[in-house]
Protein chains: 2
Amino acid sequence: MPRADELSEAGRPVHARPRRLTASDRMATFHSRLRERGLKSTAPRDDIARVFFGLGRHISAEELFAEVKKVNQHVGYATIYRTLKLLKECDLVFERHFDEGQARYEVAGEHHHDHFICERCGKILEFENNDIERMQQAIASKLGVILTHHKMELYGLCADCRTAQ
Amino acid sequence: MPRADELSEAGRPVHARPRRLTASDRMATFHSRLRERGLKSTAPRDDIARVFFGLGRHISAEELFAEVKKVNQHVGYATIYRTLKLLKECDLVFERHFDEGQARYEVAGEHHHDHFICERCGKILEFENNDIERMQQAIASKLGVILTHHKMELYGLCADCRTAQ
DNA sequence: CTAGTTGCAAATGTTTTGCACAAAC
DNA sequence: GTTTGTGCAAAACATTTGCAACTAG
C-alpha cells in the first residue's frame, strides 16, 4: 500500500500541497465581491463566512448552522442557506451532491479535484488526476459538446474500513 | 500523454450498439426475481414495469407516474416509488442523481456507461470509455481504497445548443 | 387463509420563500 | 432614508411511511 508521499500523479492527495489562501484572505475577497455587487456586509454574513472558512472541508448546511450558533445565537437556518448561495455566486464555495440527501459545501481552492467517498464511515478523500481531465476533454470533442464542469465521484471502502470489516 | 484523436474509444455513443434485451425479456426477469424473493406479481407492478421498459431512458418518477396513469388510472405515486425501488433491487433499474432536484431512472443494460448532460436543453448523452475505468482503478489502488461504484458526469452545451446560442 | 400489496393521506427531510422588522450604506 | 438583509414560520419539493382495505398465491 503506497504512502501518501510516494503518490506521483494518480490519486495524489490534495491536502498534501501547501495551502495558499487564509481565512482572512477569503473574508476580504467576500467583502469586495459584495461591494462590487452593491450588497451589504453584515454581522450574520460575516459570522457564517468566517466559521465556514475556519472549518474543514465538505460541511453540510446543518453542521454549519450548528457551528455558527456557537458564535452567534440568533442566526436563522434561512440565512445559512442564503449566505452559502451568496458565497457560491462569489466563487468562494462549491456545492457538492454526493450520494446523500443533503448537499455539502466546500471552500473553493485553486486546483480542481475529484472525490472518493467511503460508504461506511463517510470519509471523503480528494485527489487530482490530469489524465482524466484530458480524457474528459477528448470525450467532449468526440461528442461535439462543450464542457462547463464535471463531476467524478468514486464510492467504496476506505483503507480503514476495508480492514475493519 | 494521449492525444484526443489517438483515443480509440473516447466518447463512442452507446446507442450505436444493438440492444439485446427486449421489454418482455425484462418483464420475465422481473417476474422471476420477484418469485425468488417470495414477492408477488401484481397488476400495478406489471403496469409500472412495462411502461418503464417501454419508455426511453432517464425517466423521472413524475414522468413515469404520468405515463402509467394513461394505462392504469388508479395507481398511486407511492406505488411508483415502491416499484422503482424493487426494480433497483432486482438490478433492472439504475437510479441517477444529476444536477436536478429529482432522481432519474434508467433501464439497466449490459454495459457500464457515463453521461453528458446538456445544461440548456436537458439532453442526456451516454458514452463509455474503458481508459477512464482503468484510471479509476489505478486511483483507487493509490488511495488504498476499494471501489464499489462511481459516478462520472460531464455538464455543458450539446452540439445543437452550442450553435443555437 | 394469510402474507404481501395497494392507495391515500400524512409525515419526512432538505431547501426556499413571504413578510414584517431591522440594519447597512 | 432607501435599499438590502434578517429571523421566523410557512411553503415547497421529492420521497417515504402508517394504515385500513385489498389481493395474489
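Note: hydrogens, waters and symmetry copies are ignored here, and every other heavy atom, side chains too, is used. Residue numbers begin at 1 in each chain, while the letters A, B, ... track the order of the sequences.
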Which of residues 62-84 of chain A have a heavy atom under 4.0 Å from DNA chain C?
A:Ala78, A:Tyr81, A:Arg82
Name every residue in residues 28-45 of chain B that has at least one heavy atom under 4.0 Å from any atom of DNA chain D, in order of residue number, or write none if there are no such residues.
B:Lys40, B:Ser41
Excluding sequence neighbours, so at least two apart, what forms salt bridge (charged side-chain N to carboxylate O under 4.0 Å, His left out) with B:Lys123?
B:Asp160
Starting from the first five and the last five pairs of the helix from C:dC1-D:dG25 to C:dC25-D:dG1, work out the angle between the resulting helix axes, to 10 degrees.
30°
Mind calculating the distance between CG (B:Asp47) and C1' (C:dT6) to the nearest angstrom?
13 Å
Heavy-atom pair with the smallest gap, counting every atom of B:Val75 and B:Phe65
O-CE1, 3.4 Å
Sequence neighbours excluded - side chain to side chain donor-acceptor pair (under 3.5 Å) pairs with any residue from residues 27-38 of chain B
B:His31-B:Asp46
Out of curiosity, B:Arg50 CZ to B:Met27 CE, how far, rounded to the nearest 0.5 Å?
5.0 Å
For B:Arg104, which residues count as a side chain to side chain donor-acceptor pair (under 3.5 Å) partner, sequence neighbours excluded?
B:Glu63, B:Glu100
Using every non-hydrogen atom in the two residues, find where B:Arg26 and B:Leu92 come nearest and quote the distance to one decimal.
O-CD1, 4.1 Å
Test of understanding: with side chain to side chain donor-acceptor pair (under 3.5 Å), list the residues that count as partners of A:Arg96, not counting sequence neighbours.
A:Glu106
Quick one: side chain to side chain donor-acceptor pair (under 3.5 Å) pairs with a partner in residues 76-94 of chain B, sequence neighbours left out?
B:Lys88-B:Glu95
For B:Asp131 and B:Asn129, work out which heavy atoms get closest and say how close.
N-OD1, 2.9 Å
Please name all residues satisfying ring pair (Phe, Tyr, Trp, His ring centres under 6.0 Å) with A:His58, sequence neighbours left out, ordered by chain then number.
A:His115
dist B:Asp47:CG -> B:His74:NE2 (nearest 0.5 Å) comes out at 9.0 Å
Take the protein atom NZ of B:Lys85 and the nucleotide atom C1' of C:dT6, then report the distance between them rounded to whole Å.
16 Å
Answer yes or no: is there a side-chain heavy-atom contact under 4.5 Å between B:Leu154 and B:Asp114?
no
Whole angstroms only, please: what is the CD-C1' distance between B:Glu100 and C:dT14?
17 Å
Can you name the closest pair of heavy atoms from B:Val93 and B:Ala108 and give their distance?
N-CB, 3.9 Å
Could I get the full list of ring pair (Phe, Tyr, Trp, His ring centres under 6.0 Å) partners for A:His149, not counting sequence neighbours?
B:Tyr155
Nucleotide N/O of nucleotides 10-12 of chain C paired with protein N/O under 3.5 Å:
none

Distance check, rounded to the nearest 0.5 Å: B:Ile146 atom CD1 versus A:Leu157 atom CG?
6.0 Å
Under 4.0 Å from a heavy atom of chain A: give me the 5'-most and 3'-most nucleotides of DNA chain D that qualify.
D:dT3 to D:dC8
